[in-house]
*Asks:* 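Have a look at this one before I ask anything.
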Amino acid sequence: MSRLAVSACLAALMIASASPGAAQTANPATPDIGGFPDSPAIPAPTNPTYPGVIRYEADVTDLDHHVISVRQTIPVSGSNLTLLYPKYLPGNHADSGPIQLLAGLTFTANGQRVEWRRDATDPYAFHIDVPAGATEIEAAFQWLTQSERSNWRPVMTQSIVNMEWEKALLYPAGYASTGITFAPSIRLPQGWQYGVALETTSFENGLATFAPVDLYTLVDSPMFAGAHYRRIDIDPDGEDVHLNLVADEAENLEATDEQIGLYTAMVTQADRLFGSRHFDRYEFLLGLTSELGGIGLEHHRSSENTHAPDHFTSWAKSAGSRDLLPHEYTHSWNGKFMRPADELTANYNVPTENSLLWVYEGQTQYWGEILAARAGLHTKDQALISLAANAAFYQNQPGRQWRNLQDTNNHNLLGYRVPGQWSSWMRGTGDYYNESALIWLDADTLIRESTNDRKSLDDFARSFFSPEGTDGSWTPVGYTFADVVAGLNAVTPYDWAGFLRSRLDAAGPDATAPLDGLERGGYRLIYVEEPSSAEKSLSSSWGSDFRYSLGFALAGPTNRIVGIQWGSPIFEAGIGTGWELFAVGDKVASAEALRDAVTAAKDGTPIHLILKNGDRIRTLDLDYTGGLRYPRLERIEGTRDRIGEILAARRR
């Protein structure tokens, strides 16, 4: 299908699917109660096509000030224009558009300044009275990106820029994102190269110009640019999938042929899992950096990712993070091509809903981990270690006593991924990723068991995320809870609605973590007092982790007490945030001294601690005799190793 045809289809689909929510953006005109002109109503996105092409020019050369300058030339034909700054950002599942960083906004027409006013009730909307006879409005402004990690992640360093178009543009209200055409260009520092899924029409003297695209495609096509850049073909059957590396230093780009081969194997395993592709090309954008803000964000034909600078050059250290790219790649099928219907909105200022993030993110989390193992990015042992850690976290999470997993799907709408002081009690973002992945393991092993291992969740993935006749189609398709249930029933009949709802809605003192998939998969969760060398290598913080014994972890050189578990021994002793471990018995505080004390207390001797919080000192005795506890998966003798089969590479 052509790009134009895709845009037309998607525009119609989005307008139809978003019509109930679209009304929420059509603010009524505000009364004049303060001497200011009334704010006109913000048009709902019901029109299919904006007339003309918006010229868009970005300049990212001001690395010292971390400022991105933008100029847009917008065709106009009427007397009024309302422009929107994107509010609900794709992949964020929240109203997280950083409009606070927009500055210097000016409009001109026919060389004359045109005044603007912000909407009285929606600060993401700007109203302009178009001068008579004007055929275009020019907008100029800056995106004041941050140089340090605070409210927003850094996107500019001296070596790398991560251009996210949606954070530095305005677009006309009243239209679907697929009906507004942009002609983008960007000026880069001299000598820099870049990766992006857009089609480059020219690149001369640092100015990259791209073929016109609709707003939906532009927002879905971020750029990584840098002074140190390498592009690697990882498509086993052509030249359509690439790994674009940018780095703080040139030596960080030195990925070996063996390492590259593992990412090629990941693409192969995804092809075998899904059986089709819903893109013409896919560009992994990977920053090897300690300066750029960390990110893992999905797009249909690319993904934004960061790893440590030595991800390739110190390969053994990177094992714990190697499922990031498989996760984001899976999103091309689950979350972008097939996505929850309530995420398929007409434009970026129609509120999103998050009822199915346990599929969008949860099943993607599951497949990301599986593809990492099938490709060899993780060994089987490493995958089992990661699964044990995830299972233990939810087995020991008290927050399910009051809050079910379904409710955490809307957590982002409470404030984008804002951490709480008592995360084990609050629950939050990670749950619809990681606890949901356990539900999908449960479903996978149940399908295998009930079909005598003839079918699996692989069959669901292939049919649900790649419906017959859609190979090569880019047009997103919305799914509902009923669709998910029907897709599972098509693999094998079962009460899938009851299966899912019982796990998603469970809360209360008797609610438990969804761990049935472990034993059905041939393993049980146990706790040991001494991790293996493999377990230690995968978790560098194991030695300071006492969450499943005393109920906290130690952090930093001052041995701060962090991650306090609600209801744990340290919690019951009255300790909250702000305390540091000063001494253990008659020894200076250290993780090693505390491990020794926990082990020694197995005979009934209280664990004597001295804590410090500013000028306050506390001594306390913890009456805990359970010893050190680190999670591990243990094989159940005589059972089928279904988890091992799930992790094994597919041969076809």
*Asks:* Within a strict 4.5 Å, meaning less than it, do heavy atoms of the F337 and T475 side chains meet?
*Replies:* no

*Asks:* Apply side chain to side chain contact (heavy atoms under 4.5 Å, CB included) to the pair Q146 and M156, showing each step before the final yes or no.
*Replies:* CA-CA 8 Å; Q146 296 198 324; M156 300 183 77; over 6 Å; no

*Asks:* Taking the side chain as everything from C-beta on, heavy atoms only, tell me whether N244 gets closer than 4.5 Å to L286.
*Replies:* no

*Asks:* Looking at W579, I'd like to know if the NZ or CZ of R560 sits under 6.0 Å from its six-membered ring centre while staying within 45 degrees of the ring's axis.
*Replies:* no

*Asks:* Can you tell me how far OG1 of T145 sits from CG of L63, rounded to the nearest 0.5 angstrom?
*Replies:* 9.5 Å

*Asks:* Can you find a heavy atom in the side chain of L188 that is under 4.5 Å from one in the side chain of V60?
*Replies:* yes

*Asks:* Do S96 and Y88 pair up side chain to side chain, a donor and an acceptor below 3.5 Å, judged on atom types alone?
*Replies:* no

*Asks:* Could you check R427 against E435 for salt bridge (charged side-chain N to carboxylate O under 4.0 Å, His left out), going step by step and ending with a plain yes or no?
*Replies:* CA-CA 11 Å; R427 307 197 74 184; E435 183 172 335; 2.2 Å; yes

*Asks:* Going through the distances and angles, do D240 and R301 end up as a salt bridge (charged side-chain N to carboxylate O under 4.0 Å, His left out)?
*Replies:* CA-CA 10 Å; D240 296 332; R301 300 161 61 236; over 6 Å; no

*Asks:* May I ask you to test the V219-Y348 pair for a side-chain heavy-atom distance under 4.5 Å?
*Replies:* yes

*Asks:* Under the criterion ring-ring contact (aromatic ring centres under 6.0 Å, His included), I'd like the reasoning laid out for Y56 against W165: C-alpha separation, chi angles, the key distance, then a yes or no.
*Replies:* CA-CA 10 Å; Y56 180 96; W165 312 98; 5.8 Å; yes

*Asks:* My understanding is that only one of E369, E361, Q363 makes a side chain to side chain donor-acceptor pair (under 3.5 Å) with Q365; could you say which?
*Replies:* E369

*Asks:* Determine whether Y433 and T364 satisfy the following criterion, side-chain hydrogen bond (donor to acceptor under 3.5 Å, both in side chains), listing intermediate values before the conclusion.
*Replies:* CA-CA 8 Å; Y433 283 81; T364 297; over 6 Å; no

*Asks:* Dump the intermediate steps for side-chain hydrogen bond (donor to acceptor under 3.5 Å, both in side chains) on S303 and Y282, then the final yes or no.
*Replies:* CA-CA 8 Å; S303 60; Y282 192 95; 3.3 Å; yes

*Asks:* Determine whether E239 and R281 satisfy the following criterion, salt bridge (charged side-chain N to carboxylate O under 4.0 Å, His left out), listing intermediate values before the conclusion.
*Replies:* CA-CA 8 Å; E239 297 181 356; R281 58 190 267 214; over 6 Å; no

*Asks:* Do you know which two heavy atoms are closest between T577 and I564, and how far apart they sit?
*Replies:* N-CD1, 4.2 Å

*Asks:* Classify the ring geometry between W333 and H278 as parallel (under 30°), tilted (30 to 60°) or perpendicular (over 60°).
*Replies:* perpendicular

*Asks:* Test E164 against R153 for salt bridge (charged side-chain N to carboxylate O under 4.0 Å, His left out), laying out the working first.
*Replies:* CA-CA 12 Å; E164 298 178 306; R153 55 179 284 272; 3.7 Å; yes

*Asks:* Taking the inter-plane angle between the rings of Y329 and F279 on a 0 to 90° scale, is it parallel (under 30°), tilted (30 to 60°) or perpendicular (over 60°)?
*Replies:* tilted

*Asks:* Strictly by modelled atom types, are R117 and H127 linked by a side-chain donor-acceptor pair under 3.5 Å?
*Replies:* no

*Asks:* Would you confirm whether N354, through its side chain, and L357, through its main-chain N or O, come within 3.5 Å as a donor-acceptor pair?
*Replies:* no

*Asks:* Specify the closest pair of heavy atoms between A173 and I42, including all atoms of both residues, with the distance to one decimal.
*Replies:* CB-CG2, 4.1 Å

*Asks:* With rounding to the nearest 0.5 angstrom, report the CG to CD distance, L285 to E328.
*Replies:* 11.0 Å

*Asks:* Would you kindly say whether D431 and Q397 are connected by a side-chain donor-acceptor distance under 3.5 Å?
*Replies:* yes

*Asks:* Verify side chain to side chain contact (heavy atoms under 4.5 Å, CB included) between N252 and H311, making sure each step is shown before the conclusion.
*Replies:* CA-CA 8 Å; N252 300 147; H311 176 75; over 6 Å; no

*Asks:* Any chance CD of Q100 has more than 12 other-residue heavy atoms, nucleotides or ligands included, within less than 6.0 Å?
*Replies:* yes

*Asks:* List the steps, then state whether side-chain hydrogen bond (donor to acceptor under 3.5 Å, both in side chains) holds for T217 with D214.
*Replies:* CA-CA 5 Å; T217 302; D214 56 50; 2.8 Å; yes

*Asks:* With a 4.0 Å cut-off, would you call E57 and R55 a salt bridge?
*Replies:* no

*Asks:* Any non-hydrogen side-chain atom of Y124 less than 4.5 Å from a side-chain atom of P86?
*Replies:* no

*Asks:* I want to check something: taking the side chain as every heavy atom from C-beta on, are T157 and I160 in contact at a cut-off of under 4.5 Å?
*Replies:* yes

*Asks:* Other residues, nucleotides and ligands only: do more than 12 of their heavy atoms fall within 6.0 Å of CZ on R71?
*Replies:* no

*Asks:* Tell me whether the rings of W315 and Y263 are parallel (<30°), tilted (30 to 60°) or perpendicular (>60°).
*Replies:* perpendicular

*Asks:* Report yes if the side chains of N613 and E580 come closer than 4.5 Å at any heavy-atom pair, otherwise no.
*Replies:* no

*Asks:* Looking just at side-chain N and O atoms, do N349 and Y171 make a donor-acceptor pair shorter than 3.5 Å?
*Replies:* yes

*Asks:* Parallel under 30°, tilted from 30 to 60°, perpendicular over 60°: which one fits the rings of H327 and H331?
*Replies:* perpendicular

*Asks:* Hey, is CG on D257 packed in by over 12 heavy atoms from elsewhere, all under 6.0 Å?
*Replies:* no

*Asks:* Is the shortest side-chain heavy-atom distance between D248 and H228 below 4.5 Å?
*Replies:* no

